[in-house]
Peer 1: 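Please read through the structure below; I'll follow up with questions.
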Amino acid sequence: MPAANEIPDEEISRAARLLLGLHGTFDDERRTFIRRLDTLDLHAVPGSGKTTALLAKLIALENRLPLANGAGILVVSHTNAAVDEIRSSIARHCPRLFGPPNFVGTIQSFVDQFLALPYYTSRTRHRPVRIHDDLHNERAEGFMKCSFKGFTPVEEKNAKFFLQATQAAADLRVAYVGGQLTLITRSTGNPVVVKRPAKGAGWTPEECGRVLAWLLEFKRQIMSNGFLCFDDAYMLAERYLEVVPRMAGILRRRFPFVFVDEMQDMNARQHDLLERLFFDPACAYQRIGDRNQAIHGERNTGAADSWANRNPTLTLTKSLRLSPATAAVVSSFALHSPGLKIEGTNSPTLKPRMLVYQDGTAQTVLARFSEIVRTEIDAGNIPCDERSKFRAVAWNTTWSDTEKSQGKLRLVDFCPQFVRAPGIGRTEHPCLEAALRDCFQPASPMWSRETGMLGVFVRILRLQDVRNPFFGSHFTRTSLLNHLRESHPGYDGKFRLLRLRWAKAAANGETEAVIAEIKAHVPEFLTQFKETLKKAAPYVYSPAGAQAAPAAFTGNTVRLHGFDIELASVHAVKGQTHTATLYFESAYYSDGKGATAKSYESQRLASQFLGHPFGASPAVRVQQSAKMVYVGFSRPTHLLCFAVHKQRFDAGLSAVAGKTWEIVELG
């Protein structure tokens with residue numbers, strides 16, 4: 001345990017004023033957590049202000065930087081959005097925290113920077129092109145063009161036939177089993193089993209062995225060429241700690257204070273790596289989150305919950321977001337806290353409403369919700385200003401091409417206008433124009449524009465198969481800049497000025513002109529490498545089409561009564577605060593058969609809607625449903641609505657009428 005006094009009350013009060021305003025204060029629950037500088041867990045209910053409490057602790061610790069012996073503070077979260085929130089909230093108050101030796105970032109960026117990249121570089125003598133699933137999968141899907149020495153044409157044909165038939169190319173992973181590099185599958189983590197994927201005579205054991213050997217060489221070549229998926233990064237990190245076990249001690253000395261926000265979203269591999277590194281007397285290791293909101297990654301399988309509370313565990317049970325009426329409903333769906341009573345401290349007193357529809361009225365639910373909200377706005381019970389957010393959400397939103405609704409409902413069945421926004425989360429865009437439009441978004445900072453433009457030129461070199469002459473590997477952004485500076489200093493200066501001018505012009509709204517200039521400049525850029533534009537031409541000149549600006553997609557916004565209602569999945573709104581939320585229950589699999597089959601939240605969670613806690617060992621899909629409802633129901637500050645079919649309402653929920661819910665029947 002690092003030697004450190006508790007944070008004194010005067011520093012907590014100062015942080016409160018910085019974060020909450022001149023008269024801001026923290027209650028006793030939050031002050032207890034902020035004060036502690038030892039290893040602990042913090043379990044916080046929705047809207048409890050846990051992130052604000054963590055920020056207050058970090059503001060107080062800023063005064064202690066730099067720490068003794070060059071040590072720093074480690075703050076990790078699951079998503080870039082969460083890290084950006086931390087940075088934007090306190091960067092002006094904590095200038096030292098966001099520089100070395102401290103580290104504030106995602107779990108992925110931490111693993112990449114301190115474990116995966118050092119180990120990969122030490123073994124290959126070059127850096128990877130990028131660590132990202134999209135780029136890795138793009139390379140993997142090109143298996144038909146691959147050929148390796150030592151394999152006969154028949155063996156290669158068998159291996160490619162196996163990949164083509166099983167669609168397994170992008171799912172191949174490697175792990176060290178008994179010290180040997182072994183090919184495994186992404187979904188199960190088990191060794192790949194090869195057999196002829198078609199009727200007729202099977203392959204002999206020798207033929208299967210050669211196919212497996214080809215597949216392993218295929219995966220190794222993708223990695224050695226610098227194309228790593230996220231799983232590869234964790235494999236390399238784990239291998240680094242096995243080969244050089246003292247690295248764990250080095251990281252503990254570097255980071256004696258470790259704070260993990262949104263701990264519930266860490267998958268089992270991330271959880272185990274953090275435990276291996278920092279659950280040690282040398283560190284103050286604080287895990288912060290809400291296990292009941294674990295809906296991302298492996299957590300949504302319910303039973304495989306790796307984060308188990310341990311002593312000491314602090315709790316924040318007061319929700320600043322939820323009203324008492326909404327908190328009473330949400331409490332019953334707390335899967336990991338039987339008997340938990342969330343204390344809603346928000347002042348609105350509107351009772352949650354259950355909108356009961358019938359077969360012919362499903363598509364009128366959204367309009368009725370909007371009408372109810374409008375009535376409450378006019379009555380002065382719900383605010384409607386630039387800060388107000390109105391959302392309609394569902395766990396499952398659309399049907400895939402291979403699925404059939406068979407009379408079941410998802411968000412698109414209630415709201416036919418809903419579509420999945422294209423391109424969300426992509427880093428590998430289909431063409432140059434799409435990539436530039438993405439990085440030239442109006443809110444994009446200058447560094448993001450610079451990174452995006454460099455990424456375009458790196459992609460062009462990769463498509464042209466231009467390699468770094470020093471390492472023989474594909475260029476990265478960093479190695480490209482180093483190469484131009486050292487080998488083409490005259491052009492390097494011009495290229496820097498061009499990027500600066502392009503970034504400023506795009507910031508001023510001249511996106512179209514900038515994209516045209518960059519396209520026109522590509523041939524001159526390629527002359528530095530004695531190349532002409534050939535293989536990359538489709539990427540450079542193809543129009544972006546509908547994928548050009550995913551962030552500007554607005555097809556899921558509905559305006560019926562003078563305010564916008566956004567349609568989204570429960571996953572998309574996790575962490576958000578809404579003014580009013582409509583939750584559509586949606587079909588997910590089918591447990592059982594016939595009249596007793598259960599596909600909807602109201603069927604799997606009927607007891608919880610009636611206020612009863614969970615029994616011992618609920619079924620996996622009950623756990624999944626509970627987490628979704630818990631997250632979705634805990635978004636609104638003023639009004640929660642839930643849409644349920646009358647048949648399911650009559651079968652299991654009618655007893656809530658006049659108690660925790662107000663019932664609204666749709667004709």
Side-chain angles (χ1 to χ4, degrees), residues 116 120 123-124 128-239 267-269 297-298 301 304 400-403 426-428 430 462-463 465 467 472-474 535 538:
Y120 181 92
R123 297 300 300 270
T124 65
V129 174
R130 193 182 303 172
I131 301 176
H132 198 282
D133 284 352
D134 281 353
L135 186 53
H136 167 272
N137 294 348
E138 178 186 284
R139 304 296 293 192
E141 295 299 339
F143 64 87
M144 292 299 292
K145 299 178 182 179
C146 295
S147 181
F148 308 118
K149 293 181 179 179
F151 294 91
T152 67
V154 172
E155 291 169 345
E156 289 200 345
K157 180 180 178 181
N158 288 344
K160 293 175 182 179
F161 173 63
F162 176 84
L163 289 179
Q164 196 169 36
T166 60
Q167 298 181 337
D171 290 333
L172 296 178
R173 299 292 186 266
V174 287
Y176 281 89
V177 180
Q180 295 294 319
L181 193 65
T182 303
L183 199 66
I184 63 174
T185 60
R186 178 187 61 83
S187 57
T188 67
N190 296 326
V192 172
V193 176
V194 172
K195 60 180 180 180
R196 193 174 191 274
K199 295 181 179 179
W203 289 329
T204 66
E206 291 76 14
E207 288 173 323
C208 290
R210 293 301 291 164
V211 168
L212 189 62
W214 192 95
L215 298 178
L216 181 59
E217 181 62 22
F218 168 63
K219 174 62 179 174
R220 291 176 64 176
Q221 285 293 326
I222 294 174
M223 294 181 65
S224 64
N225 286 337
F227 302 97
L228 308 181
C229 62
F230 295 134
D231 286 338
D232 293 335
Y234 288 96
M235 183 277 294
L236 293 169
E238 292 157 0
R239 185 61 177 168
N267 64 36
R269 203 168 194 176
E298 295 176 1
T301 60
S400 70
D401 294 337
T402 59
E403 293 176 309
R426 286 189 58 85
T427 59
E428 288 299 305
R462 189 170 74 244
L463 292 172
D465 200 25
R467 295 175 179 262
S473 61
H474 288 284
K535 295 179 181 179

Peer 1: Please determine if R239 forms a cation-pi arrangement with Y176, meaning its NZ or CZ atom is less than 6.0 Å from the six-membered ring centre and no more than 45° off the ring axis.
Peer 2: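 Flagged: R239 positioned over aromatic ring of Y176.
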
Peer 1: Between I131 and A233, what is the shortest heavy-atom contact and its length?
Peer 2: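 Answer, listing the atom of I131 first, then A233: CG2-CB, 4.0 Å.
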
Peer 1: Can you name the nearest heavy-atom pair linking A175 to M235, along with the distance?
Peer 2: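 Heavy atoms of A175 and M235 come nearest at CA-CG, 4.2 Å.
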
Peer 1: How many angstroms lie between atom CZ of R467 and atom CZ of R462, to the nearest 0.5 angstrom?
Peer 2: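 Here the rounded value is 11.0 Å.
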
Peer 1: Mind checking what makes salt bridge (Lys or Arg N to Asp or Glu O under 4.0 Å) contact with E217, not counting sequence neighbours?
Peer 2: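 With sequence neighbours excluded, E217 shows a salt bridge (Lys or Arg N to Asp or Glu O under 4.0 Å) to no residue whatsoever.
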
Peer 1: Run the side chain to side chain donor-acceptor pair (under 3.5 Å) test against D133 and tell me which residues pass, sequence neighbours left out.
Peer 2: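 D133 satisfies side chain to side chain donor-acceptor pair (under 3.5 Å) with no other residue.
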
Peer 1: Restricting to pairs with a member in residues 173-194, which pass salt bridge (charged side-chain N to carboxylate O under 4.0 Å, His left out), not counting sequence neighbours?
Peer 2: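 Every pair satisfying salt bridge (charged side-chain N to carboxylate O under 4.0 Å, His left out) with a residue in residues 173-194: D171-R186, R173-D231.
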
Peer 1: Please enumerate all residues that pass salt bridge (Lys or Arg N to Asp or Glu O under 4.0 Å) together with K160, with sequence neighbours excluded.
Peer 2: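 Counting only residues at least two positions away or on another chain, K160 forms no salt bridge (Lys or Arg N to Asp or Glu O under 4.0 Å).
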
Peer 1: Just wondering, do L163 and F218 contact through their side chains at under 4.5 Å, heavy atoms?
Peer 2: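 Yes; the side chains approach each other to less than 4.5 Å.
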
Peer 1: Test of understanding: with ring pair (Phe, Tyr, Trp, His ring centres under 6.0 Å), list the residues that count as partners of F148, not counting sequence neighbours.
Peer 2: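 Partners of F148 by the ring pair (Phe, Tyr, Trp, His ring centres under 6.0 Å) criterion, ordered by chain and then number, come out as W214.
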
Peer 1: Is there a side-chain contact between V174 and L183 in this structure, where contact means two heavy atoms from C-beta onward sitting under 4.5 Å apart?
Peer 2: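 Yes, their side chains come closer than 4.5 Å.
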
Peer 1: Rounded to the nearest 0.5 Å, what separation is found between the NZ atom of K219 and the OG atom of S224?
Peer 2: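 K219 atom NZ to S224 atom OG measures 10.5 Å (nearest 0.5 Å).
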
Peer 1: Just to verify, what does T166 make a side chain to side chain contact (heavy atoms under 4.5 Å, CB included) with, not counting sequence neighbours?
Peer 2: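 T166: side chain to side chain contact (heavy atoms under 4.5 Å, CB included) contacts with F162, A168, P197.
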
Peer 1: Excluding sequence neighbours, so at least two apart, what forms side chain to side chain donor-acceptor pair (under 3.5 Å) with R220?
Peer 2: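 None.
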
Peer 1: Please identify each residue that fulfils side chain to side chain contact (heavy atoms under 4.5 Å, CB included) with N190, with sequence neighbours left out.
Peer 2: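 Scan of N190 (side chain to side chain contact (heavy atoms under 4.5 Å, CB included), adjacent residues dropped) gives T188.
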
Peer 1: Can you name the salt bridge (Lys or Arg N to Asp or Glu O under 4.0 Å) partners of R139, sequence neighbours left out?
Peer 2: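 For R139 there are no salt bridge (Lys or Arg N to Asp or Glu O under 4.0 Å) partners, ignoring immediate neighbours.
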
Peer 1: Would you name the heavy atoms of T182 and P191 that are closest together and state the gap between them?
Peer 2: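 Smallest heavy-atom distance, with atoms named: CG2-CB, 4.4 Å.
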
Peer 1: Applying side chain to side chain donor-acceptor pair (under 3.5 Å), can you list everything that pairs with Q164, at least two apart in sequence or on another chain?
Peer 2: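 Here no residue qualifies.
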
Peer 1: Once rounded to the nearest 0.5 Å, what's the spacing between atom SG of C229 and atom CG of L135?
Peer 2: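 Output value for this atom pair is 11.0 Å.
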
Peer 1: Provide the full list of salt bridge (charged side-chain N to carboxylate O under 4.0 Å, His left out) pairs with a residue in residues 148-157, sequence neighbours left out, each pair given once.
Peer 2: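 Output for this query lists E155-R210.
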
Peer 1: Name all residues meeting the side chain to side chain contact (heavy atoms under 4.5 Å, CB included) criterion together with V193; count only those two or more places apart in sequence or in a different chain, and write none if there are none.
Peer 2: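 By the side chain to side chain contact (heavy atoms under 4.5 Å, CB included) rule, V193 matches no residue at all.
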
Peer 1: At what distance, to the nearest 0.5 angstrom, does CG of L172 lie from NE2 of H136?
Peer 2: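 If I round to the nearest 0.5 Å, the distance is 7.5 Å.
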
Peer 1: Is it true that E207 and R196 have a side-chain N and a carboxylate O under 4.0 angstrom from each other?
Peer 2: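 So E207 does not pair with R196 through a salt bridge.
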
Peer 1: So L216 and V192, do their side chains get closer than 4.5 Å, heavy atoms only?
Peer 2: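 Answer no - side chains too far apart.
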
Peer 1: Rounded to the nearest 0.5 Å, what separates atom CG in L236 from atom CG in L228?
Peer 2: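 Spacing of CG (L236) from CG (L228) equals 6.0 Å.
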
Peer 1: Say you draw a straight line from CG of N137 to CZ of F227; how long is it, rounded to the nearest 0.5 Å?
Peer 2: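 That separation rounds to 12.5 Å.
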
